[in-house]
Amino acid sequence: MRVFVVGTGRCGSVTLSKACKNIKNYSSSHESKTSPNNQGVFGDLEYPENHIEIDPRMSYHIFSLREKYKDGIFFHLLREESGCVRSLSKRKSLRNYSTFHYGWFDNDYDAAAKMYYENTTKMLKSVIPESHTIVLENIEHDWVKFCKIIKAECDQEKALIQLKQKYNRS
């Protein structure tokens, strides 16, 4: 089985990926197929059996991944809107997350970030069941649910330590 965790970016994917390193019956990686220059370009969509791939940029590849991996399980990693939008708007990579680079927002990073967050979140809510949502602000509880759904064999104590850390702050 393959597990895919997607979101908006700036949603806690690094934190979750650190916790997943404590799962014994899955390999895991964070943004392993994203291009090195962070342009959001993917190489192949080949993932090994019993693997967890965490990459917000995969949001727009869900349909291809579902077709390729019929047994794949998808999770939506969700962060509350105001904090996520604020963080997205500070990132130069916002141009990769939205239509900002087409000039629609006249250098209004906040508007671009808000549009991206709203559109991506609506899309993910429509294609991923509610039971497969991990809310960053509730991550310790939702981690247990995540592990149960994928039947993870995990060192919970070590994973919970990782989940309490904040990585890649902005």
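Everything numeric here is computed off the predicted structure, so don't read it as measured data. The first residue in the sequence is number 1, and the count goes up from there.
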inquiry  = Hydrophobic clustering (ILVMFWY, side-chain heavy atoms < 4.5 Å, transitive) - are L160 and L16 grouped together?
reply    = yes
inquiry  = Check for me, please, whether M58 and I150 land in the same ILVMFWY cluster - side-chain distances under 4.5 Å, paths through other members count.
reply    = no
message = Any salt bridge linking E53 with R2? Criterion: basic side-chain nitrogen under 4.0 Å from a carboxylate oxygen.
response = no
ask   = Are K114 and E118 ion-paired here, with the side-chain N under 4.0 Å from a carboxylate O?
value =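 Looking at E118 together with K114, the answer is yes, because their closest N to O distance falls below 4.0 Å.
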key: Results of side-chain contact (heavy atoms from CB on, under 4.5 Å) for T121 - residues two or more places apart only   = T8, H76, L78, Y117, K125
Between [atom1] on residue [X] and [atom2] on residue [Y], distance to nearest 0.5 Å:
X	Y	atom1	atom2	value
K21	S27	NZ	OG	7.5 Å
C20	H30	SG	NE2	10.5 Å
I139	K145	CD1	NZ	10.5 Å
I134	I149	CD1	CD1	8.0 Å
T133	D142	OG1	CG	8.0 Å
F4	I52	CZ	CD1	11.0 Å

query = Tell me, which pairs form a side chain to side chain donor-acceptor pair (under 3.5 Å) where one or both residues lie in residues 62-75, sequence neighbours left out?
reply =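 Sorted pair list: E46-K68.
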Donor-acceptor pair, side chain of [X] and main chain of [Y], under 3.5 angstrom:
X	Y	answer
K18	L163	no
D155	K158	yes
S59	P56	yes
E80	E137	no

message = Determine whether F74 and V127 satisfy the following criterion, side chain to side chain contact (heavy atoms under 4.5 Å, CB included), listing intermediate values before the conclusion.
response = CA-CA 9 Å; F74 292 81; V127 298; over 6 Å; no
inquiry  = Applying side chain to side chain contact (heavy atoms under 4.5 Å, CB included) to I62 and L124, what does each step give before you reach the verdict?
reply    = CA-CA 9 Å; I62 286 176; L124 292 173; 3.4 Å; yes
key: Over 12 non-hydrogen atoms of neighbours within 6.0 angstrom of CD in E130   =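 12 or below, so no.
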key: Qualifying ring-ring contact (aromatic ring centres under 6.0 Å, His included) pairs with a residue from residues 5-26, counting only residues at least two apart or across chains   =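 Of all non-adjacent pairs touching residues 5-26, none passes ring-ring contact (aromatic ring centres under 6.0 Å, His included).
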task = Test side chain to side chain contact (heavy atoms under 4.5 Å, CB included) on V6 and I128 and set out the steps.
result = CA-CA 10 Å; V6 296; I128 296 175; 3.8 Å; yes
task = Determine, stepwise, if the pair R10 / R91 fulfils side chain to side chain contact (heavy atoms under 4.5 Å, CB included).
result = CA-CA 9 Å; R10 314 308 306 145; R91 305 286 292 202; 3.6 Å; yes
